[in-house]
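These notes concern the structure reproduced below.
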Amino acid sequence: MRILPDENIYDKIIDLAKRRGFFWPSYEIYGGQAGFYDIGPYGMVLKRKLIDLWRELFIKGNQDTVVEVETPIIGPSIVYEASGHVENFTDPIVRCNSCGRIFRADHLIEEKLNIDVEGFSLSELNNIIKEKGLRCPVCNGELGEVKTFNLLFKTQIGPYEGNIGYIRPELAQGIFVAFKRIHESLRNKLPLGIAQVGKVGRNEISPRQGMIRLRDFTIMEMEYFFNPDKKDCPNIEKYYNETLNILPYSYKENKKDFITVTVKEAIERNFVINPCMAYWMVIGKLLLLKLGVPETNMYFLEKGPKERAHYSSQTFDHMVKTSRWGWIEVAGYAYRGDYDLSRHKKYSNADIEVFEAYKEPVVMKVRKVLLDKAYAGRNFKSKAPEIMKSVEELDPDYVIREINEKGKININGIDIPKEALIIIEKDEKVSGRKFIPHVIEPSFGTDRLLYVLLEYAYREVDGRIVLSFPRYLSPADAVVLPLIEDDEKLINKAKEVYSYLMSEGFNVLYDDNGSIGKRYARSDEIGVPVAFTIDYQTLEDDTITMRDRDTWKQIRISISDAANALKKFIYNSADLGELGKEVETKG
RNA sequence: GCGGCGGUAGUCUAGCCUGGAUUAGGACGCUGGCCCCCCAAGCCAGAGGUCCCGGGUUCAAAUCCCGGCCGCCGCACCA
């Protein structure tokens with residue numbers, strides 16, 4: 001595990017990424033458009049492997065509870081009204097006519113005039129600004145009209161004007177609206193994690209920072225649904241002794257640094273609102289470790305009440321240190337409670353609640369208050385059924401207290417003497433209960449991780465760039481090189497080896513252009529972990545050399561062992577020395 | 001969105017202030033050839049440029065002016 005270089009390597013990485021086809025700004029030939037990036041051929045392999053690694057840890061590693069789905073990118077407006085995005089993803093902004101600065105209109109009023117304007121409409125905010133003569137706090141210029149700026153990308157579904165759709169700003173809503181179906185199709189089990197990978201769009205006001213802040217990007221997300229009454233978390237025991245670097249909000253206010261605690265401590269000291277929060281944070285940590293980020297270069301930052309999204313009651317940002325941007329957020333872990341499902345229940349009228357049967361039906365002794373039927377009929381005639389029902393709904397304890405004190409109860413202005421009341425106790429069988437599950441959401445920014453992956457892989461050796469990706473993530477498993485260009489015998493042999501490795505399922509490159517040193521350098525720069533070289537000895541005894549990208553050491557092995565050696569080297573992190581005898585090469 | 005700085009082959013850059021004879025020059029990379037038995041060697045040849053875009057000034061614009069786009073920095077904004 002390497003430490004990040006102190007030097008700012010951003011420009012070098014961006015340069016390399018463009019040159020070698022990892023990623024670059026989109027729409028370049030038209031001058032570009034901020035906030036959009038293309039992923040190139042090698043970047044695409046990396047990204048795919050990155051996503052697969054996430055799947056491995058979050059889904060496959062938890063296949064007893066977690067499944068994956070795919071839902072649409074565009075949703076009808078009702079979905080994002082229910083989710084709160086139409087309302088809360090919008091900022092009222094006001095522009096100074098003279099200096100052009102833009103302010104949050106509500107914040108400005110609250111600060112300057114000390115008026116609580118939460119929930120005020122645009123025209124109300126406008127009126128306040130006009131009436132109170134509020135001016136630009138910077139240049140004292142006149143303020144323009146209050147406008148909304150919503151970060152949702154808006155579109156129209158079909159040819160019907162007014163049929164508004166939005167591009168999803170997160171994957172979550174697609175999962176929430178389908179929750180009931182997914183949950184039923186999996187025979188109502190809980191806890192249930194529903195994961196999704198996909199593109200989202202956020203119409204950022206002014207995106208900068210290249211791959212770090214995009215208007216269109218890939219998220220890897222999971223909504224983990226569970227019974228809020230069960231305060232345990234399945235399988236967490238095996239991670240009890242794993243450590244987490246946490247900066248709780250209360251510590252942050254006191255300007256303290258993050259602390260390192262075990263998962264067990266984090267739960268016991270209530271740093272996390274629910275043990276499952278800690279569980280997914282550990283899985284997230286393990287993902288980052290596998291990408292090559294050392295634990296000292298990451299921590300979990302708790303967001304304060306005002307910093308959190310509208311749906312969240314606890315959020316941790318997963319921060320990773322980068323050379324250019326300092327600490328950046330690569331993932332968020334949000335406790336969304338029952339906010340989303342409750343909202344969709346309300347807006348759709350769908351029965352979204354989950355029924356959970358008790359292990360055995362619980363027989364409870366239930367006391368009930370009954371009104372003597374004969375008394376009711378005689379005294380209340382046609383109103384009797386109604387009054388009897390009201391009586392039955394009363395709390396028995398209340399009735400007993402009233403009887404003891406007054407000898408009667410009063411209901412809807414009618415006195416009922418204690419002689420007419422019967423209090424019975426009966427057994428009632430309850431086989432389960434209905435509730436709305438709570439949700440914990442770990443959500444990763446894939447493109448940010450891609451950038452982080454490059455930063456942590458980047459190093460320079462003798463003025464040459466080497467991308468030391470973890471071997472299993474590299475854009476190719478190996479490159480096959482004939483030692484000398486333009487020697488037909490070597491080239492034919494090399495192409496045989498190349499086909500053979502491909503047929504074994506490896507992702508292999510071939511290069512016969514330029515001196516051997518140049519080709520090693522090229523493959524190092526792409527981050528290919530292994531180079532197999534075919535030389536004149538190969539033609540005699542079918543052995544080839546296998547070169548390690550990171551040490552430049554070589555061993556000689558027979559071609560028939562190559563696939564097996566490559567497999568061990570890449571997936572079992574074997575040392576080169578374990579796979580064969582090191583050979584001296586002229587340097 | 002504001003302010004500052006910048007934008008010249010794949011990459012980095014010279015030229016811009018002081019407009020014209022520079023065919024927009026170089027380095028690296030790329031392609032081909034020669035040579036090469038292991039780490040960007042050498043020699044030769046070649047391809048590759050809307051000088052970010054649009055408008056203006058001028059006989060003449062990569063060069064000066066205006067607007068736009070994009071990038072970096074600062075501010076602002078930010079689930």
Side-chain angles (χ1 to χ4, degrees), chain A residues 8 10-12 14-21 24-36 83-85 88-91 93-96 98-104 107-108 136-139 141 144 147 149 151-152 169-170 172 200 202-210 213 215 219 303 306-312 315 317 324 329 332 334 336 441 443 445 461-466 481-487 490 513-525 531-539 544-547 549 551-554 556 583-587:
Chain A
N8 180 354
Y10 176 83
D11 291 333
K12 291 177 175 176
I14 292 302
D15 175 46
L16 178 65
K18 271 169 119 168
R19 215 155 30 80
R20 289 298 183 193
W24 55 80
S26 303
Y27 312 116
E28 274 181 310
I29 64 163
Y30 288 108
Q33 178 66 61
F36 300 92
S83 72
H85 285 93
N88 294 306
F89 212 34
T90 304
D91 294 335
I93 52 174
V94 63
R95 184 169 189 268
C96 169
S98 121
C99 72
R101 285 187 173 80
I102 286 188
F103 305 92
R104 278 284 294 267
H107 289 184
L108 197 64
C136 173
V138 176
C139 76
K147 288 175 182 164
F149 185 78
L151 271 65
L152 289 170
E170 58 172 9
V200 300
R202 299 180 185 183
N203 203 1
E204 299 285 349
I205 294 170
S206 175
R208 297 261 188 87
Q209 304 170 296
R213 192 95 175 276
R215 287 187 165 121
I219 279 184
K303 306 298 279 183
K306 284 185 182 167
E307 303 163 334
R308 286 194 297 259
H310 59 272
Y311 48 69
S312 171
T315 297
D317 282 352
R324 172 54 155 263
E329 177 195 348
R336 301 180 74 132
E441 174 198 84
S443 172
V461 184
D462 300 345
R464 285 166 41 170
I465 296 171
V466 179
L481 312 166
L483 181 61
I484 305 300
E485 58 176 336
D486 295 332
D487 184 314
L490 289 181
N513 186 295
S515 74
I516 187 70
K518 189 177 279 191
R519 285 177 276 148
Y520 284 143
R522 264 202 292 257
S523 78
D524 285 347
E525 212 173 74
F532 289 114
T533 303
I534 285 70
D535 55 19
Y536 290 100
Q537 195 180 325
T538 311
L539 302 178
I544 53 178
T545 61
M546 176 176 181
R547 170 189 179 271
R549 169 195 68 196
T551 62
W552 296 3
K553 286 184 177 163
Q554 299 191 23
R556 184 169 280 279
V583 290
E584 288 297 318
T585 52
K586 288 183 215 166

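In the text below, chain A, chain B and the rest are named by the order of the sequence lines, each starting its count at 1. What you see below is based on every heavy atom in this structure, not just the backbone, and it leaves out hydrogens, waters and symmetry mates.
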Query raised in the report: Whole-Å distance between B/rG49 P and A/Ile29 CD1?
Result: 14 Å
Query raised in the report: Can you name the one residue among A/Arg20, A/Lys12, A/Arg549 that meets salt bridge (Lys or Arg N to Asp or Glu O under 4.0 Å) with A/Glu525?
Result: A/Arg20
Report task. Looking at every strand, decide which applies to A/Arg202 at a 4.0 Å heavy-atom threshold: base, sugar-phosphate, or nothing. Result -> base
Report summary line: Heavy-atom nearest nucleotide on RNA chain B taken for A/Arg213 and for A/Gly210; more 5' hit belongs to A/Gly210
**Report entry** Heavy-atom check, side chain of A/Trp24 versus side chain of A/Ile14, under 4.5 Å
**Finding:** no
Query raised in the report: Tell me: CZ of A/Arg522 to C1' of B/rU31, nearest whole Å?
Result: 11 Å
Report task. Output yes when at least one side-chain N/O atom of A/Asn513 is less than 4.0 Å from OP1 or OP2 of B/rG32, else no. Result -> yes
Query raised in the report: Taking side chain as C-beta onward, heavy atoms only, is A/Asn203 less than 4.5 Å from A/Leu152?
Result: no
Report task. Round to the nearest Å and state the distance from A/Leu483 atom CG to B/rC37 atom C1'. Result -> 5 Å
Query - Among B/rG71, B/rC38, B/rC30, the one nearest A/Lys518 by side-chain distance - result: B/rC30
**Report entry** Polar pair under 3.5 Å, donor/acceptor by atom type, side chain A/Asp535, base B/rC37
**Finding:** no
Requested in this report: Answer whether the closest heavy-atom distance between the side chains of A/Pro25 and A/Phe36 falls below 4.5 Å.
Outcome: no
Query raised in the report: Rounded to the nearest Å, what distance is computed from the CZ atom of residue A/Arg464 to the P atom of nucleotide B/rC28?
Result: 17 Å
Query raised in the report: Using a cut-off of 4.0 Å on non-hydrogen atoms, how would the nucleic acid contact of A/Pro25 be classed: base, sugar-phosphate, or nothing?
Result: nothing
Requested in this report: For A/His310 and for A/Gly32, locate the closest nucleotide of RNA chain B by heavy-atom distance; then report the residue assigned to the nucleotide nearer the 5' terminus.
Outcome: A/Gly32
**Report entry** For atom CZ of A/Arg519 and atom P of B/rC37, their distance in whole Å
**Finding:** 13 Å
**Report entry** Pairwise C1' distance, B/rG25 and B/rC16 [rounded to whole Å]
**Finding:** 14 Å
Protein N or O to nucleotides 43-46 of chain B N or O, pairs below 3.5 Å:
none

Query raised in the report: How close or far is atom C1' of B/rC78 from atom CG of A/Asn88, stated in whole angstroms?
Result: 14 Å
Report task. Could you give the distance separating B/rG42 and B/rC28 at their P atoms, to the nearest angstrom? Result -> 8 Å
Query - Same-atom distance (C1') from B/rU22 to B/rG15, integer angstrom - result: 9 Å
Query - C1' atoms of B/rG26 and B/rU8, separation to the nearest Å - result: 13 Å
Please tabulate the protein-to-nucleotide N/O contacts below 3.5 Å involving nucleotides 6-14 of chain B, giving atom names and distances.
unit_1	atom_1	unit_2	atom_2	d
B/rU11	O3'	A/Asp15	OD1	3.1
B/rU11	O2'	A/Asp15	OD1	3.1

Requested in this report: Compare all side-chain heavy atoms of A/Arg19 with those of A/Ile465 and state whether any distance is below 4.5 angstrom.
Outcome: yes
Query raised in the report: How long is the line joining CG of A/Asp462 and C1' of B/rA40, in whole Å?
Result: 11 Å
Requested in this report: State whether A/Tyr30 places a side-chain N or O below 4.0 Å from either non-bridging phosphate oxygen (OP1 or OP2) of B/rC52.
Outcome: no
Query raised in the report: Checking all strands, does A/Arg547 fall into the base, sugar-phosphate, or nothing category for heavy-atom contacts under 4.0 angstrom?
Result: base
**Report entry** Out of B/rC37, B/rC38, B/rG33, whichever nucleotide has its closest atom nearest the side chain of A/Asp486
**Finding:** B/rG33
**Report entry** Residue pair A/Trp552, A/Asp524: steps toward the side chain to side chain contact (heavy atoms under 4.5 Å, CB included) verdict
**Finding:** CA-CA 10 Å; A/Trp552 296 3; A/Asp524 285 347; 3.4 Å; yes
Query raised in the report: Taking only side-chain nitrogens and oxygens of A/Gln33, does any of them come within less than 4.0 Å of OP1 or OP2 of B/rC70?
Result: yes
Requested in this report: Quote, to the nearest angstrom, the P distance that separates B/rC12 from B/rG20.
Outcome: 26 Å
Query raised in the report: Is the base of B/rC38 touched by the side chain of A/Tyr520 through a donor-acceptor pair closer than 3.5 angstrom?
Result: yes
Query raised in the report: Does B/rA21 adopt a syn or an anti glycosidic conformation, taking syn as a chi angle within 90° of 0?
Result: syn
Report summary line: Separation between OG1 (A/Thr533) and CE (A/Met546), nearest 0.5 Å, reads 11.5 Å
Query raised in the report: Quantified in whole Å, what is the C1' atom distance between nucleotide B/rC53 and nucleotide B/rG74?
Result: 27 Å
**Report entry** Side chains of A/Asn513 and A/Arg522 in contact at under 4.5 Å (non-hydrogen atoms)
**Finding:** yes
Query raised in the report: Expressed as a whole number of Å, how far does the P atom of B/rA60 sit from that of B/rG46?
Result: 36 Å
Report task. Between B/rC51 and B/rU63, how far apart are the C1' atoms? Round to whole Å, please. Result -> 10 Å
Query raised in the report: Does the cation-pi check pass for A/Arg547 over A/Phe532, that is, NZ or CZ under 6.0 Å from the six-membered ring centre and within 45° of its axis?
Result: no
Query raised in the report: Is any side-chain N or O of A/Ser515 under 3.5 Å from a base N or O of B/rC36, one able to act as donor and the other as acceptor?
Result: no
**Report entry** For A/Asp317, salt bridge (charged side-chain N to carboxylate O under 4.0 Å, His left out) partners two or more places apart
**Finding:** A/Lys303
Report task. Kindly indicate whether the side chain of A/Glu485 and the base of B/rC36 share any N or O donor-acceptor pair separated by less than 3.5 Å? Result -> no
